[in-house]
Amino acid sequence: MRNQEIFVSLDIGTTSIKVVVAEYINGNINIIGVGNEKSRGLSRGVIVDIDDTVNSIQRAISQAERKANVKINEVIVGVPSNQIMVEDCHGMIAVASDNREITALDVENVINAAKVRSVPPEREIISIIPEEFIVDGFNGIKDPRGMIGVRLELYARLITGPRTIIHNIRRCVQKAGLSISELVVQPEAIASVALSADEREFGTVVVDMGGGQSSASIMYDGQMKYSFVDQEGGDFVTKDISVILNTSLDSAERIKREYGFAIASQTTDDEYFPVETVGKKEPVRVDEHYLAEIIEARLVQIFETLYEELNRVDGLDLPGGYVLTGGAVSLPGVLDLAKRYFGSKVRLFIPEEMGMRNPIYTTSLGMIEYAANLDDVHRIAQGTFAVPSQAAPRQSLPPQGGQRRPAPSSGRNQGQAARGQQSGDLFGGQRRQPANETNQMANDQRTMPDTMPSSNQQEDYQQYNSFDDDYRYEDAAYYDDYSQDDEANKYSEPVTDQSNGNGITAKVRDFFQTFFD
C-alpha cells in the first residue's frame, strides 16, 4: 500500500466516460476532481469507433483537470469482462543469488516463468494474480522476499482477454495523449470497493448493470473466479421505451429517469405523464403502469439470463449473496425485482464519497482503491514495481595452484549471468563462459598470487607457465615466418642461403657428396 499519491481512473463505458482524480493519503481516498462526458464510439461496452472515443476521453479528461487543477498524464484503465478467461498457471526457477536469498528479481523471474504458456493469438494477457509461493517445498507463502531457498515456485491465476478489445483500449488512451499505469479488470475493481474482505474470501456474486451490458462475476478466496456478460443493459430499456412509445432516445431516457419503475404491480394506471411522439404536434398521455410494464419486461429478461448462467456454474448459493451496482440499478424497484430471482441476500452498493453518490461511479472508484492497495508482489506481477538489478553469482573455478577468481561482470549482463546460473544449479549443468570472461580467467591464471604457494603448487605453476611459454614461443615463431614470407613476396628479391657450415643443409650436402667421392 502506498502512503501518498494521486491516482486517476478512466472508466470507458457505453453510456458515459468517467474520470476520477483522487488523492490517496494513509489509506483514505479524497476525491479532488471528477469528469463525466457522454460516450460516443462504443456499443455494448466495446469500442467501435476509435476517433469518437478519443474525443470523448479528451473532453472527460479536460473536465477533470479543470476541477482538480492538476495535469493528467497517467490513468488507470478498466477492462470490461467480455470473454474474460481465468486460468491456472505455474512457474518454477532456481534462486540466482550466491547466498540463496530470494529477492524481487527472483519473484519477477518466477512470474515471467509462469506466463510462459501457449496463449492463442487472438487473446492477450491482462494480468497475473499470484496465489502462493513455494520455497523448497514449503507452500502457503505470500511474499518470499528475504527468505533463503534454492527452488522457487509460484501458483497463480492468469487473466486473458480478447486482443482486439485490449488493443482498442490502449490505442484510444494513447491517441488521447495519455499513458496507462494499470490495466484493471472491472469486476476486480468493483469488488475491491463494494465488498468486504470476508465477502471476497467466502464468496460473493457482483452484478454490474451498466448501460450497454450486464455482468455477473463470482469473487471467491479474494479473487475473481468466473465472469459472465449479458449483452443487455440500461440502454436497452431506453430503446424499448423509445420504440414502443414512438419517441426519441433523449425523451425516452428522460421519461425513464423521471417516471420509471421496475415493478409494474407496484404502480397505478391513474398517474399520467406527457410523451412527445414523432409525427404528432401534441404530446400523448401515457400512464405509469404501462411504462413500468415496458421496463420490467427488459429487466426480467436480464435477470433470467444471469440466473441461468449462475445456476449452470453452481454460483447461486454463495455465503456473501449478491451485490448490485452500475447505472441501471439506480432505477426504483430494481432491488425488489432482483430478490425475486436471487433471494433475500441481495443489496445495492452506492459510493459514499462526496460528489460520487451514484452507482455509475462504482467502477471508477474501485479502480483507484484496487491500484492503491496493491502490495509489492502484485505490483511486480503487474509490472509497475521497480525491481532492482541483481549482481551475478560468482562462478567457482577448479582448484588449481596460483589461480584467482575472476571479478563478476556488471550492468545488465549480471542478470543474464544469474539466469544462466539458475539452469546450471537446477539441473546439475555448468554455464558456458563467454569469450571475454574466458580471457579474463586466463589472464588471472597467469598472475602470481600475493602469498607464496606450497611446493606442490609451485611445481604445478611452473609447469603451467612453461607450457604457456612454449605455446607463446611457437605462436611467435609462426608469425615471424609468416612476416618473413610476406616481406619476401613484397620486394621479390632473390633469397640466398643463409645457412652456415654447421647447419642441417651443409650436413645433407656432405652426405650426398660421399657417393661421388
| task | Might you work through the salt bridge (Lys or Arg N to Asp or Glu O under 4.0 Å) test for Glu232 and Lys239, ending with a clear yes or no? | result | CA-CA 11 Å; Glu232 296 177 313; Lys239 292 179 181 178; over 6 Å; no
| Worked verdict on Glu369 versus Asn373 for side chain to side chain donor-acceptor pair (under 3.5 Å) | CA-CA 6 Å; Glu369 188 77 24; Asn373 288 306; 2.8 Å; yes
| request: In sequence, state the C-alpha distance, the side-chain angles, and the governing distance for Glu124 and Lys115, and then conclude on salt bridge (Lys or Arg N to Asp or Glu O under 4.0 Å). | output: CA-CA 11 Å; Glu124 182 176 341; Lys115 290 182 179 180; over 6 Å; no
| task | Begin from the C-alpha positions of Asn82 and Gln213 and carry the test side chain to side chain donor-acceptor pair (under 3.5 Å) through to its verdict. | result | CA-CA 9 Å; Asn82 299 65; Gln213 58 188 16; 3.0 Å; yes
| field | Asp376 and Arg145: CA distance, side-chain angles, deciding distance, salt bridge (Lys or Arg N to Asp or Glu O under 4.0 Å) verdict | value | CA-CA 10 Å; Asp376 291 345; Arg145 292 177 302 168; 3.4 Å; yes
| Where do Glu65 and Lys67 land on the salt bridge (Lys or Arg N to Asp or Glu O under 4.0 Å) test, with the steps shown first? | CA-CA 6 Å; Glu65 287 179 339; Lys67 294 181 179 179; over 6 Å; no
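Residues passing the side chain to side chain donor-acceptor pair (under 3.5 Å) test with Thr14, sequence neighbours excluded: none. In this view, Tyr307 satisfies the ring pair (Phe, Tyr, Trp, His ring centres under 6.0 Å) rule with no residue, not counting sequence neighbours. Ile244 meets the side chain to side chain contact (heavy atoms under 4.5 Å, CB included) test with Tyr290, Ile294; sequence neighbours excluded. Taking Tyr272 as the reference, nothing meets the ring pair (Phe, Tyr, Trp, His ring centres under 6.0 Å) condition, with sequence neighbours excluded. For Glu258, the salt bridge (Lys or Arg N to Asp or Glu O under 4.0 Å) test picks out Arg254, with sequence neighbours left out. Partners of Asp230 under the side chain to side chain donor-acceptor pair (under 3.5 Å) rule, at least two apart in sequence or in another chain, do not exist in this structure. Legend: residues meeting ring pair (Phe, Tyr, Trp, His ring centres under 6.0 Å) with His289, ordered by chain and number and at least two apart, are absent. Take Tyr226 and apply the ring pair (Phe, Tyr, Trp, His ring centres under 6.0 Å) test, not counting sequence neighbours, and it matches no residue. With sequence neighbours left out, the side chain to side chain donor-acceptor pair (under 3.5 Å) criterion links Asp51 to Lys175. Listed by chain and residue number, Thr247 satisfy the side chain to side chain donor-acceptor pair (under 3.5 Å) test with Ser251 (two or more places apart in sequence, or in another chain).
Judged purely by distance below 3.5 Å, without hydrogens or angles, the side chains of Ser344 and Lys339 never pair a donor atom with an acceptor atom. A donor-acceptor contact closer than 3.5 angstrom links the side chains of Asn99 and Ser97.
In this structure, the side chains of Phe261 and Val334 stay at 4.5 Å or more apart for every pair of heavy atoms. Under the 4.5 Å side-chain criterion, counting only non-hydrogen atoms from C-beta, Ser181 is not in contact with Val75. Within the 4.5 Å cutoff, side-chain heavy atoms of Ile350 are placed close to those of Pro359. The closest side-chain heavy-atom distance from Ile25 to Asn28 is not below 4.5 Å. You'll find the side chain of Val95 stays beyond 4.5 Å of the side chain of Val150, heavy atoms only. Between Thr160 and Glu87, some side-chain heavy-atom pair lies under the 4.5 Å cut-off. A heavy-atom distance below 4.5 Å is not found between the side chains of Asp143 and Ile141. Looking only at side-chain heavy atoms (C-beta outward), Val21 and Ile31 stay at 4.5 Å or farther from each other.
A 6.0 Å sphere centred on CG of Asp88 holds more than 12 heavy atoms belonging to other residues, nucleotides or ligands. No more than 12 heavy atoms of other residues, nucleotides or ligands sit less than 6.0 Å from atom CG of Asp317. Within a 6.0 Å radius of CD in Glu288, more than 12 heavy atoms belonging to other residues, nucleotides or ligands are found. Residue-environment remark: CZ (Phe273) exceeds the threshold of 12 foreign heavy atoms within 6.0 Å. Enclosure of atom OH in Tyr259 by more than 12 non-hydrogen atoms of other residues, nucleotides or ligands within 6.0 angstrom is indicated. The 12-atom threshold is not exceeded at CD of Glu352, counting heavy atoms of other residues, nucleotides or ligands nearer than 6.0 Å.
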For residues 34-43, which side-chain donor-acceptor pairs fall under 3.5 Å, sequence neighbours excluded?
from  : atom 1 : to     : atom 2 : distance (Å)
Asn36 : ND2    : Tyr361 : OH     : 3.3
Glu37 : OE2    : Gln63  : NE2    : 2.7
Ser39 : OG     : Gly13  : O      : 2.9

Could you list the donor-acceptor pairs under 3.5 angstrom formed between side-chain atoms of residues 191-211 and any protein atom two or more places apart in sequence or on another chain?
from   : atom 1 : to     : atom 2 : distance (Å)
Ser192 : OG     : Ala189 : O      : 2.6
Ser192 : OG     : Gly366 : O      : 3.1
Ser196 : OG     : Glu199 : N      : 3.3
Glu199 : OE1    : Ser196 : N      : 3.0
Glu199 : OE1    : Arg347 : NH2    : 3.0
Glu199 : OE2    : Arg347 : NH2    : 3.4
Arg200 : NH1    : Ala191 : O      : 3.3
Arg200 : NH1    : Leu195 : O      : 2.8
Thr204 : OG1    : Glu199 : O      : 2.8

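Under a 3.5 Å cut-off, the side chain of Glu74 and the backbone N or O of Ser179 do not form any donor-acceptor pair.
Across every non-hydrogen atom of Ile302 and Ser214, the tightest pair is CG2-OG, 3.8 Å. Here the shortest heavy-atom pairing between Leu249 and Thr238 reads O-CG2, 3.7 Å. Heavy atoms only, all atoms of each residue included: Pro130 and Gln223 are closest at O-NE2, 3.8 Å. Shortest non-hydrogen contact noted between Ile47 and Cys172 is CD1-SG, 3.7 Å. The heavy-atom pair separating Ile93 from Val110 by the smallest distance is CD1-N, 3.8 Å. Taking all atoms of both residues into account, the shortest heavy-atom contact from Arg44 to Phe236 is NE-CZ, 3.5 Å.
Of the charged side-chain nitrogens involved, none lies within less than 4.0 Å of a carboxylate oxygen, so that Arg357 and Glu353 do not count as a salt-bridged pair.
A side-chain contact (heavy atoms from CB on, under 4.5 Å) with Val329 is found for one member of Val323, Leu299, Ile360, Leu348 and no other, namely Leu348.
Rounded to the nearest 0.5 Å, atoms CD (Glu188) and OG (Ser81) are 11.0 Å apart. From Ser127, atom OG reaches atom CZ of Arg157 across 11.5 Å, with rounding to the nearest 0.5 Å. Between atom CG of residue Asp49 and atom CG of residue Asn168 there is a gap of 10.5 Å, rounded to the nearest 0.5 Å. The CD atom of Gln186 lies 9.5 Å from the OG atom of Ser217; values are rounded to the nearest 0.5 Å.
Between Phe303 and Phe342, the ring-plane angle classifies as perpendicular under the 30° and 60° cut-offs.
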